[in-house]
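Note that the numbering runs from 1 along the sequence shown for the chain. This is a predicted model, so every value here is computed, not measured.
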Amino acid sequence: MGKKVKWSWTSAFIGAASATAVAALLSAKPKDPTFHLISINLTSFKLKLPHIDAELILTVHVTNPNIAPVHYSSTTMSIFYEGSLLGAAQVKAGSQPPRSCQLLKLPTRLDGVELAHHAGKFFADVAKREMLLDAKVDIGGKAKVLWWDHKFNVHVDSHVTVDPVFLDVIDQENKSQLELFVA
């Protein structure tokens with residue numbers, strides 16, 4: 001028939017430990033966080049002739065898919081319309097637990113004078129009730145893994161289609177790229 005194989009608990013333990021280590025390494029591999037714009041709320045208009053600024057609150061759903069908690073510093077998200085800087089949203093410093101989701105409320109100011117430079121395109125967008133905005137932000141911070149803090153940077157590019165009349169989010173494409181700095 002065949003050669004009889006001798007069973008070894010040591011070999012079985014080494015095999016199980018190796019499989020566990022490989023699974024732990026694969027689940028610990030850093031993953032890109034996700035960002036999703038939930039809503040846009042107009043809070044006020046600021047009229048300082050000849051300037052008219054709109055103040056908004058952007059509600060953003062953020063997911064940290066990693067096994068490490070993160071602490072991030074404050075930064076500014078730039079918002080573009082037709083390639084021109086239209087405004088900025090403030091991202092306050094904060095933290096997020098591992099494998100979690102949270103909502104961020106970002107105070108935002110849009111420049112009415114800059115929008116006026118694109119008046120023809122803006123009124124065409126209002127007529128068709130679709131306006132394409134782009135946003136870019138770099139978020140830096142630290143992720144604590146065991147006893148060590150690892151610095152990271154996340155670059156986010158967003159393309160968002162909104163209804164300029166009711167400020168509803170129609171469609172969006174968000175891309176984030178995580179860069180981890182190992183000391």
Tell me if the CD atom of Gln177 is crowded by more than 12 foreign heavy atoms within 6.0 Å.
no

Side chains of His159 and Gln172: does their closest heavy-atom pair fall under 4.5 Å?
no

Would a single hydrophobic cluster contain both Phe122 and Leu167, if residues Ile, Leu, Val, Met, Phe, Trp and Tyr are joined by side-chain heavy-atom contacts under 4.5 Å?
yes

Checking Asp168 side chain against Ile170 main chain: does a donor-acceptor pair fall under 3.5 Å?
no

At what distance, to the nearest 0.5 angstrom, does CD of Gln102 lie from OG of Ser95?
7.0 Å

CG of Leu58 to OG of Ser39, rounded to nearest 0.5 Å, is 8.0 Å

Not counting sequence neighbours, which residues clear side-chain hydrogen bond (donor to acceptor under 3.5 Å, both in side chains) with Thr63? List them please.
Thr34

Does a side chain donor of either Thr161 or Glu130 reach within less than 3.5 Å of an acceptor in the other side chain?
no

Backbone N/O of Val91 and side chain of Thr75: donor-acceptor pair under 3.5 Å:
no

Evaluate the side-chain proximity of Ile79 to Thr108: yes if any heavy-atom separation is below 4.5 Å, no if none is.
yes

To check you understand the geometry: which heavy-atom pair defines the closest contact between Leu180 and Lys151, and what is its length?
CD1-O, 3.5 Å

Check: Asn64 side chain, Asn66 main-chain N or O, donor-acceptor pair, under 3.5 Å:
yes

Hey, quick one: are Phe80 and Met77 part of the same hydrophobic cluster, counting side-chain heavy atoms closer than 4.5 Å, chains of contacts allowed?
no

Cluster check Val113, Leu86: I/L/V/M/F/W/Y, side chain < 4.5 angstrom:
no

Return the minimal non-hydrogen interatomic distance between Leu56 and Thr43, and the atom names on each side.
N-OG1, 3.8 Å

Transitive ILVMFWY side-chain link Leu133 to Val169, under 4.5 Å
yes

From Lys92 atom NZ to Ser74 atom OG, the distance as rounded to the nearest 0.5 Å:
10.5 Å

What is the distance from atom NZ of Lys136 to atom CG of Leu85, rounded to the nearest 0.5 Å?
12.0 Å

Just by distance, no angles: are the side chains of Asn174 and Ser158 close enough, under 3.5 Å, to form a donor-acceptor pair?
yes

What's the spacing between Lys142 NZ and Phe152 CZ if we round to 0.5 Å?
10.5 Å

Using the rule that two of Ile, Leu, Val, Met, Phe, Trp, Tyr join whenever any of their side-chain heavy atoms come within less than 4.5 Å, decide whether Ile52 and Leu115 are in one cluster.
yes

Smallest heavy-atom separation, Thr76 atom then Gln90 atom, equals OG1-OE1, 3.3 Å

Measure from the side-chain N and O atoms of Ser73 to the backbone N and O of Gly140, and report whether any donor-acceptor pair falls under 3.5 Å.
yes

Heavy atoms of other groups near Lys175 NZ, more than 12 under 6.0 Å
no

Decide yes or no on side-chain contact (heavy atoms from CB on, under 4.5 Å) for Val60 and Ile38, but give the supporting numbers first.
CA-CA 6 Å; Val60 179; Ile38 301 297; over 6 Å; no

For His118, give me all partners under ring pair (Phe, Tyr, Trp, His ring centres under 6.0 Å), at least two apart in sequence or on another chain.
Tyr81

Taking every heavy atom of Arg129 against every heavy atom of Phe166, the minimum-distance pair comes out as NH2-CD1, 2.7 Å

Trace of the side-chain contact (heavy atoms from CB on, under 4.5 Å) decision for Asp53 with Phe45:
CA-CA 6 Å; Asp53 293 338; Phe45 281 108; over 6 Å; no

Pro164 and Val126 have their tightest heavy-atom pair at CG-CA, 3.7 Å

Roughly how far, to the nearest 0.5 Å, is OG of Ser44 from CD1 of Ile57?
9.0 Å

Where Pro65 and Arg99 come nearest, the two heavy atoms and their spacing
O-CG, 3.7 Å

Where do Val154 and Phe35 land on the side-chain contact (heavy atoms from CB on, under 4.5 Å) test, with the steps shown first?
CA-CA 11 Å; Val154 176; Phe35 299 85; 4.1 Å; yes

4.5 Å side-chain heavy-atom contact, Met131 and Asp163
no

Please determine whether side-chain contact (heavy atoms from CB on, under 4.5 Å) holds for the pair Thr59 and Leu37, giving the CA-CA distance in whole Å, both sets of side-chain angles, and the decisive distance to 0.1 Å.
CA-CA 6 Å; Thr59 304; Leu37 180 62; 5.8 Å; no

For the residue pair Asn153 / His155, report whether a side-chain donor-acceptor contact shorter than 3.5 Å exists.
no

